[in-house]
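The structure appears right after this line, and notes come after that.
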Amino acid sequence: MKTLLKNPHKFYKAKDRPSGHQIAEAFGKANGGAIPSNLLQISNTDSNSHYLRMCKTLKKNGHPARFPAELPRFFINFLTEPGDLVVDIFSGSNTTGYVAEELKRKWLSIEIDRNYAALAAIRFLEGS
């Protein structure tokens with residue numbers, strides 16, 4: 001984007017696109033970046049968590065679709081109060097249940113795969 005802003009005419013022509021979208025001269029204007037201020041920016045780079053280390057120790061495959069604890073933490077804090085019930089109908093490795101427990105919420109997790117549901121107990125053994 002920074003390269004485009006230096007010389008916008010080199011990279012595009014202001015005209016209607018086949019989709020009907022109009023790209024005008026204003027497209028080459030610096031407006032502070034493309035990431036909206038209301039976007040949650042939470043990295044998903046965890047590769048050495050307690051959950052993954054324990055799965056490896058037990059020679060089990062951890063759930064493939066894990067997400068960072070900060071994601072459910074944001075929504076649980078935003079939408080609930082301590083003592084409220086948090087329900088996750090696709091719990092996987094139960095990150096949501098673990099965070100709900102930390103935040104003093106009641107929780108209910110549903111997972112279709114019994115192996116993943118059982119393995120999720122690892123999250124609650126951390127520090128034991």
Residue set satisfying salt bridge (charged side-chain N to carboxylate O under 4.0 Å, His left out) with E70, at least two apart, ordered chain then number -> R73
Output for pair (Y51 OH, R66 CZ), nearest 0.5 Å, gives 6.5 Å
Legend entry - V99 vs I76, side chain to side chain contact (heavy atoms under 4.5 Å, CB included): CA-CA, chis, key distance, verdict: CA-CA 8 Å; V99 172; I76 292 169; 4.0 Å; yes
I110 side chain near D88 side chain, heavy-atom distance below 4.5 Å: no
Would the number of heavy atoms belonging to other residues, nucleotides or ligands and lying under 6.0 Å from CG of D113 be above 12? yes
Practice task
Indicate whether the side chain of N94 and that of S109 have a donor and an acceptor atom separated by less than 3.5 Å.
Solution key: yes
Check your understanding: Does the side chain of L119 reach to within under 4.5 Å of the side chain of C55, using non-hydrogen atoms?
Key -> yes
Paired with R105, the side-chain hydrogen bond (donor to acceptor under 3.5 Å, both in side chains) test is passed by just one of T96, T80, D84, namely T80
Q | side chain to side chain contact (heavy atoms under 4.5 Å, CB included) evaluation trace for T95 with F67 | A | CA-CA 7 Å; T95 304; F67 48 81; 4.0 Å; yes
Is the count of non-hydrogen atoms from other residues, nucleotides or ligands lying under 6.0 Å from I112 atom CD1 greater than 12? no
Note: P68 and N44 closest approach over all heavy atoms is CD-OD1, 3.4 Å
Self-check item: Donor-acceptor contact present, side-chain E111 to main-chain F90, <3.5 Å
Solution: no
In this structure, CG of L125 is separated from CD1 of I122 (nearest 0.5 Å) by 7.5 Å
message = Can you confirm whether the side chains of S93 and R123 place a donor and an acceptor under 3.5 Å from each other?
response = yes
- prompt: Between L40 and F74, is any pair of side-chain heavy atoms under 4.5 Å apart?
  reply: yes
| message | Angle between ring planes, F124 versus Y98, binned at 30° and 60°: parallel, tilted or perpendicular? | response | perpendicular
Please evaluate residues V86 and K106 with respect to the criterion side chain to side chain contact (heavy atoms under 4.5 Å, CB included), reporting the C-alpha separation (whole Å), side-chain torsions for both, the decisive distance (0.1 Å), and the verdict. CA-CA 6 Å; V86 174; K106 298 171 190 167; over 6 Å; no
_So does N48 get a backbone contact from the side chain of D46, meaning a donor-acceptor N/O pair under 3.5 Å?_
yes
Are F78 and L39 grouped together when hydrophobic residues (ILVMFWY) are joined by side-chain heavy atoms under 4.5 angstrom apart? no
Side-chain heavy atoms of P64 within contact of Y116, under 4.5 Å:
yes
